[in-house]
Amino acid sequence: MSSKELCRKITFPDFGDDRGNLVVVEGAIDIPFEIKRAFYIYGSDSTVVRGCHANRESEFVLINVSGSSKVMITDGERKEVISLSRPRDGVYIPKMMWKEMYEFSPDSVLMVLASTHYDGSEYIRDYDAFLKEIKK
Ligand code: TYD
């Protein structure tokens, strides 16, 4: 089993002043990849579990730009749970990590930045298949 990092918390620069806040996320500067895709998840509630997959190619950064959620990340051996609740906080998730997002607050808007364009064939959506593939 590799001992690469499961994930990495990132705090983004926040240029707040008396007009409000402005958070900056620059690809390959504030995060370790060039951004090819952004998507966001909202309208999920506290009963929903999303994700439940690993990606062979994609790296991600997750940011709750509104509200809060949790993300569980595992490589099949080690496991971490990260709480996201501030627009300036993010978590970087390398490729080949199983991830599950849950406990979405009613106002949660979870923005995801990705290192790739979408390709459904690079997703592993079965946990046992993930364990087999990571142990190869
Ligand atoms: P899904 O992977 O189930 O979302 P999550 O794991 O983040 O909860 O994706 C839901 C649907 O959206 C699925 O039909 C694939 C599609 N989709 C895209 O077309 N492009 C994308 O970038 C993403 C993330 C999903």
Side-chain angles (χ1 to χ4, degrees):
M1 185 70 61
S2 94
S3 61
K4 75 174 179 179
E5 61 184 349
L6 286 181
C7 62
R8 191 190 315 161
K9 285 189 192 174
I10 304 172
T11 304
F12 299 108
D14 187 340
F15 297 94
D17 59 28
D18 55 9
R19 299 169 300 167
N21 298 299
L22 190 158
V23 177
V24 177
V25 183
E26 291 205 58
I29 295 174
D30 301 302
I31 63 173
F33 56 80
E34 294 283 3
I35 299 161
K36 287 234 178 96
R37 176 167 50 119
F39 56 95
Y40 32 93
I41 294 167
Y42 64 99
S44 297
D45 66 27
S46 59
T47 66
V48 166
V49 181
R50 301 198 61 127
C52 304
H53 48 58
N55 294 75
R56 296 186 184 91
E57 300 299 333
S58 299
E59 301 163 69
F60 297 100
V61 167
L62 277 54
I63 306 164
N64 255 105
V65 294
S66 168
S68 61
S69 71
K70 288 185 179 166
V71 56
M72 185 279 287
I73 301 131
T74 180
D75 63 1
E77 277 192 351
R78 299 165 297 157
K79 175 175 150 176
E80 252 185 78
V81 174
I82 304 290
S83 294
L84 296 168
S85 60
R86 296 192 312 167
R88 74 186 65 167
D89 289 343
V91 60
Y92 164 70
I93 306 178
K95 55 183 81 168
M96 281 306 272
M97 294 295 169
W98 187 265
K99 49 210 169 296
E100 300 184 4
M101 293 87 85
Y102 56 99
E103 284 188 27
F104 297 93
S105 65
D107 58 345
S108 175
V109 181
L110 178 61
M111 186 168 73
V112 182
L113 307 173
S115 63
T116 61
H117 294 299
Y118 182 72
D119 172 6
S121 70
E122 62 112 6
Y123 280 66
I124 308 169
R125 293 183 178 274
D126 178 85
Y127 189 66
D128 289 334
F130 165 69
L131 290 179
K132 272 189 196 143
E133 196 160 324
I134 204 151
K135 281 174 184 158
K136 270 182 198 163

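This chain uses plain numbering: 1 for the first residue, then up along the sequence. As the structure lists them, so they are numbered: ligands from 1, and atoms in each ligand from 1.
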State which residues pass side-chain hydrogen bond (donor to acceptor under 3.5 Å, both in side chains) with D128; sequence neighbours excluded, sorted by chain then number.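 None.
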Holding to side-chain hydrogen bond (donor to acceptor under 3.5 Å, both in side chains), I want the full list of residues that pass it with E122, two or more places apart in sequence or in another chain.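 In terms of side-chain hydrogen bond (donor to acceptor under 3.5 Å, both in side chains), with neighbours along the sequence ignored, E122 is linked to N55, S58.
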Heavy-atom contacts with ligand 1 below 4.0 Å: which residues, ordered by chain and residue number? R37, F39, I41, R50, G51, H53, Y118, Y123, R125
Indicate yes or no for a side-chain donor-acceptor contact from [X] to the backbone of [Y] under 3.5 Å, with no hydrogens or angles considered.
X    : Y    : answer
N64  : S69  : yes
R56  : S121 : yes
S105 : S68  : yes

Please enumerate all residues that pass salt bridge (Lys or Arg N to Asp or Glu O under 4.0 Å) together with E59, with sequence neighbours excluded. none
